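So the structure is just underneath, and the comments pick up after that.
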2 protein chains.
Amino acid sequence: MTGAAVFEENVGVSTPQARETFEKYLRKRGLRVTDQRMAIFEAAVSQKEHFTAETLLDHARAVEKSRYVSRATVYRTLPVMTESALLREVDIGTGEKFYMPNVGANAQVAQVVCLDCDRIFEISAPFMEWYGSTVSSKLGLTPESQRLQVSARCNALRDAGSCPRRGGNGTRKPARAGR
Amino acid sequence: MTGAAVFEENVGVSTPQARETFEKYLRKRGLRVTDQRMAIFEAAVSQKEHFTAETLLDHARAVEKSRYVSRATVYRTLPVMTESALLREVDIGTGEKFYMPNVGANAQVAQVVCLDCDRIFEISAPFMEWYGSTVSSKLGLTPESQRLQVSARCNALRDAGSCPRRGGNGTRKPARAGR
DNA sequence: CTGCCTGCAAACTCTTTGCACGAAT
DNA sequence: ATTCGTGCAAAGAGTTTGCAGGCAG
């Protein structure tokens with residue numbers, strides 16, 4: 001049931017004409033096109049894996065020719081990008097929220113979180129939508145969204161003592177940069 | 001597929017012989033049987049709906065003939081009760097964790113969260129376990145747990161302007177009691 | 001020129017923790 | 001008598017927000 005295809009490498013969309021799309025969206029919503037917002041946008045859509053607000057801040061500050069970006073602005077811009085469906089919010093219950101560029105139609109995805117390497121894998125799970133409507137209607141509710149997450153342990157780590165996925169992402173950042 | 005039975009009223013186990021069970025568990029783990037732990041235990045298992053640490057604190061303090069219970073002790077006792085499988089932790093991504101007495105074999109449950117009345121409904125979802133193992137094995141992982149949550153809106157509120165479920169639980173508490 | 005945006009820092013929420021006293025075994 | 005548990009208060013972590021000045025339109 002339900003082809004569970006694993007998206008190992010989720011290629012982040014670069015910034016050829018994507019920039020224009022975001023500019024257009026901002027204007028349509030009556031929001032101003034600022035240097036900071038564009039830098040945060042560029043940093044966000046170029047991510048290949050899940051990222052946090054803190055990581056995004058670092059990358060936004062690394063965007064060339066951009067003005068200084070503050071943490072507050074990142075936090076204020078993230079909702080704009082998720083509302084525009086550019087990003088997807090992924091809450092794995094660790095205190096900090098993760099985000100992921102929304103590539104195409106992978107809206108219905110489940111996450112498999114490796115508790116050993118902190119990695120987040122995404123799996124298409126189209127049946128989630130069906131399930132959501134089914135159970136919601138029984139309660140007189142209209143589904144808005146659904147999330148399915150599996151927490152798991154690494155077999156290789158248990159057997160061989162080391163995790164094959166070299167600390168790609170997920171490796172928790174040590175501290176906070178600018179306070 | 002998968003009998004999706006809704007547990008409308010989850011009757012909280014009272015405290016006839018349940019107390020002894022917890023006392024026994026504490027001793028087995030080399031933990032001391034204190035007045036506070038027992039009060040928190042009683043407060044927890046008598047809950048009929050999902051509750052937070054803060055709510056539990058209030059109820060524990062209301063337990064007759066018990067010594068004063070501090071917030072810290074509640075936070076220190078919650079893990080003990082979840083490890084003993086007396087409680088189940090439910091994270092709906094709102095910042096605060098919810099807990100639920102574990103009644104019988106309802107380990108594999110999904111949650112439907114009403115975004116209007118903040119209520120949490122539980123639905124049995126046995127297929128979750130199967131799903132977890134299936135996708136985990138494809139990644140070389142061993143599943144530990146899985147969560148499935150549906151966020152939804154109240155039809156009655158949309159149509160009639162009011163939610164039929166009178167603010168049972170979920171109605172967010174105004175402030176914090178003891179500081 | 002007007003008002004939205006930004007940066008700064010403080011505030012906030014939930015949870016965890018160090019320490020000294022007090023109680024269970 | 002030990003040692004673990006408790007209460008207090010402070011510390012944390014992540015995120016939000018009030019305010020004054022700055023930039024987009």
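By convention in this document, chain letters (A, B, ...) are assigned in the order of the sequence lines, proteins followed by strands, and residues within each chain are numbered from 1. Since this is a predicted model, take the numbers as computed values, not measurements.
- Direction change of the helix axis from one end of the helix from C:dC1-D:dG25 to C:dT25-D:dA1 to the other is 30°, with five pairs defining each end axis (rounded to 10°).
- A distance-only check finds a donor-acceptor pair linking the side chain of A:Gln149 to the backbone of A:Asp91 [under 3.5 Å].
- Counting to the nearest Å, the P atom of C:dG7 and the OH atom of A:Tyr75 are 15 Å from each other.
- Atoms CG (A:Leu78) and P (D:dG14) sit 14 Å apart, rounded to a whole Å.
- Side chain of B:Asn102 to main chain of B:Leu86: no donor-acceptor pair is present (N/O by atom type, distance under 3.5 Å, no hydrogens or angles).
- With 3.5 Å as the limit, one finds a donor-acceptor pair spanning the side chains of B:Thr52 and B:Thr55.
- Comparing A:Thr77 and B:Ala53 against DNA chain C, the residue whose closest nucleotide sits nearer the 5' end is A:Thr77.
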Could you list the protein-to-nucleotides 22-24 of chain C atom pairs, N/O on both sides, closer than 3.5 Å?
residue, atom, partner, partner atom, Å
C:dA24, OP1, B:Arg67, NH2, 3.3
C:dA24, N3, B:Arg32, NH1, 3.4

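- For the pair A:Arg37 CZ and C:dC4 P, the interatomic distance rounds to 11 Å; values are reported in whole Å.
- Between A:Phe22 and A:Phe41, the ring-plane angle classifies as parallel under the 30° and 60° cut-offs.
- Between A:Phe98 atom CZ and D:dG14 atom P there is a gap of 10 Å when expressed in whole angstrom units.
- A donor-acceptor contact closer than 3.5 angstrom is absent between the side chains of A:Gln111 and A:His50.
- Checking A:Thr82 against A:Arg88 by side-chain atom types alone, no donor-acceptor pair falls below 3.5 Å.
- For A:Leu31, counting side-chain heavy atoms from C-beta on, the closest listed nucleotide (C:dC5, C:dT15, D:dC8) is C:dC5.
- Here the rule is side-chain contact (heavy atoms from CB on, under 4.5 Å) with A:Gln36, and of A:Val69, A:Val74, A:Val63 only A:Val69 fits it.
- Put simply, CG on A:Leu57 is 14 Å from C1' on C:dC8, counting in whole angstrom units.
- Looking at B:Thr73 and B:Ser70, their side chains do bring a donor and an acceptor atom within 3.5 Å of each other.
- Here D:dA9 presents its C1' atom at 12 Å from CZ of B:Arg71, a figure rounded to the nearest Å.
- Taking atom CZ of residue A:Arg76 and atom C1' of nucleotide D:dG14, one finds them 15 Å apart after rounding to whole Å.
- For the pair A:Asp91 CG and D:dT15 C1', the interatomic distance rounds to 13 Å; values are reported in whole Å.
- One side chain, B:Arg29 or B:Tyr25, offers a donor N or O that lies under 3.5 Å from an acceptor on the other.
- A close approach under 4.0 Å does occur between a side-chain nitrogen or oxygen of A:Gln36 and OP1 or OP2 of C:dG7.
- Nearer to the 5' terminus of DNA chain D, by closest-nucleotide assignment, is the contact made by B:Val69 (compared with the other of B:Val69 and A:Gly95).
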